[in-house]
Colleague: 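Starting off with a structure, shown below.
Here, residue 1 is the first one in the sequence, and each next residue gets the next number.
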Amino acid sequence: QVQLVESGGDSVQHGESLTLSCAASGFPFNLRCMGWFRQTPGQGREGVAQIDIGNSTTITESVKGRFTISRDNTKNILYLQMNSLKPDDSGMYYCAARPGGYGRCEELDAPYFAAWGQGTQVTVSS
């Protein structure tokens, strides 16, 4: 079955960097649009970044220039490189995959994604 396992979350100081990883299995990773979302208590899941099968990316405005999404199709791993972290970047970060047959990405919005990992916590202190 589809499995997404995130790792790399940590507690860091304002301005530091983190790299999140998502190990994917159970589906053809190289044929799916993949995304990163984040969520804070009481809020919905906010789209952070997504990448399609041609490596075209969409990055949400609040993290442009600081976050980079990438994928390694040989290892079935999705990455999120996060630089210059701010306290507002704190939250639970989730990896997500679009349904089968969707290699291109559409809206960076949670309903477009069908499979989710369990999340990894990022906490940024000021």
Side-chain angles (χ1 to χ4, degrees):
Q1 72 276 20
V2 173
Q3 190 169 16
L4 300 170
V5 180
E6 302 95 334
S7 61
D10 204 349
S11 294
V12 297
Q13 296 293 314
H14 187 173
E16 293 186 340
S17 299
L18 278 177
T19 299
L20 305 184
S21 299
C22 171
S25 61
F27 67 99
F29 175 78
N30 62 317
L31 298 181
R32 300 275 187 101
C33 165
M34 298 293 297
W36 285 100
F37 290 75
R38 64 188 179 191
Q39 188 171 22
T40 53
Q43 302 295 317
R45 289 188 183 181
E46 173 195 16
V48 176
Q50 63 184 359
I51 183 167
D52 72 12
I53 60 173
N55 288 325
S56 292
T57 63
T58 306
I59 310 290
T60 197
E61 195 63 35
S62 63
V63 306
K64 269 184 183 176
R66 300 188 297 119
F67 288 16
T68 303
I69 186 172
S70 62
R71 64 196 300 163
D72 185 337
N73 290 337
T74 66
K75 298 179 180 178
N76 288 358
I77 298 178
L78 180 72
Y79 299 101
L80 184 69
Q81 173 67 42
M82 306 186 294
N83 297 327
S84 303
L85 282 161
K86 304 175 181 179
D88 283 351
D89 296 320
S90 297
M92 187 70 77
Y93 281 70
Y94 297 92
C95 169
R98 288 217 67 200
Y102 288 89
R104 308 302 294 183
C105 297
E106 295 180 34
E107 294 292 324
L108 181 52
D109 198 7
Y112 286 86
F113 289 79
W116 297 84
Q118 83 290 346
T120 187
Q121 180 68 38
V122 173
T123 303
V124 185
S125 302
S126 57

Colleague: With the threshold set at 4.0 Å, does a side-chain nitrogen-carboxylate oxygen contact exist between R38 and D89?
Modeller: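 Salt bridge: yes.
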
Colleague: Quick one: pull up OG1 in T57 and NZ in K64 and give me the separation to the nearest 0.5 Å.
Modeller: 9.0 Å

Colleague: Checking S11 side chain against T123 main chain: does a donor-acceptor pair fall under 3.5 Å?
Modeller: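 No; zero donor-acceptor contacts below 3.5 Å.
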
Colleague: Once disulfide bond (SG atoms under 2.5 Å apart) is applied, what residue pairs with a partner in residues 50-97 remain, sequence neighbours excluded?
Modeller: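 The answer is C22-C95.
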
Colleague: Considering only residues two or more places apart or on different chains, which pairs with a residue in residues 100-126 satisfy ring-ring contact (aromatic ring centres under 6.0 Å, His included)?
Modeller: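 For residues 100-126, and leaving out neighbouring residues, the ring-ring contact (aromatic ring centres under 6.0 Å, His included) pairs sorted by first residue read F37-F113, F37-W116.
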
Colleague: Should the heavy atoms of other residues, nucleotides or ligands under 6.0 Å from CD of Q13 be counted, would the total exceed 12?
Modeller: yes

Colleague: Mind jotting down which residue pairs meet the salt bridge (Lys or Arg N to Asp or Glu O under 4.0 Å) criterion with at least one end in residues 50-60? Sequence neighbours excluded, please.
Modeller: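 Residue pairs with at least one partner in residues 50-60: D52-R104.
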
Colleague: For the CD1 atom of I53 and the CZ atom of F29, what is their distance to the nearest 0.5 Å?
Modeller: 12.0 Å

Colleague: In this structure, which one of V63, V48, I59 forms a side-chain contact (heavy atoms from CB on, under 4.5 Å) with I69?
Modeller: I59

Colleague: Between L4 and Q118, is a side chain to side chain contact (heavy atoms under 4.5 Å, CB included) present by the stated rule, with each step listed?
Modeller: CA-CA 8 Å; L4 300 170; Q118 83 290 346; over 6 Å; no

Colleague: Checking D72 side chain against T74 main chain: does a donor-acceptor pair fall under 3.5 Å?
Modeller: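 Yes; at least one donor-acceptor contact below 3.5 Å.
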
Colleague: Would you check if L18 and V12 make a side-chain contact, meaning some heavy-atom pair closer than 4.5 Å?
Modeller: yes

Colleague: Examine distances only and state if a side-chain atom of R66 and a backbone atom of S84 form a donor-acceptor pair shorter than 3.5 Å.
Modeller: yes

Colleague: Give, for atom NE2 of H14 and atom CG of D88, the distance between the pair rounded to the nearest 0.5 Å.
Modeller: 9.0 Å

Colleague: From N55 CG over to S70 OG, what is the distance, rounded to the nearest 0.5 angstrom?
Modeller: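 Going from the CG atom of N55 to the OG atom of S70 covers 8.5 Å.
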
Colleague: Of L108, L78, T60, which is the lone residue that meets side-chain contact (heavy atoms from CB on, under 4.5 Å) with Q50?
Modeller: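 The residue from L108, L78, T60 that satisfies side-chain contact (heavy atoms from CB on, under 4.5 Å) with Q50 turns out to be L108.
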
Colleague: For C33, is there any backbone N or O sitting under 3.5 Å from a side-chain donor or acceptor partner on R98?
Modeller: no

Colleague: Dump the intermediate steps for side chain to side chain contact (heavy atoms under 4.5 Å, CB included) on F67 and N83, then the final yes or no.
Modeller: CA-CA 6 Å; F67 288 16; N83 297 327; over 6 Å; no

Colleague: How many angstroms lie between atom CZ of R71 and atom CG of N30, to the nearest 0.5 angstrom?
Modeller: 7.5 Å

Colleague: Is the shortest side-chain heavy-atom distance between L20 and M82 below 4.5 Å?
Modeller: yes

Colleague: To the nearest 0.5 Å, how far apart are CD in E6 and CE in M92?
Modeller: 9.0 Å

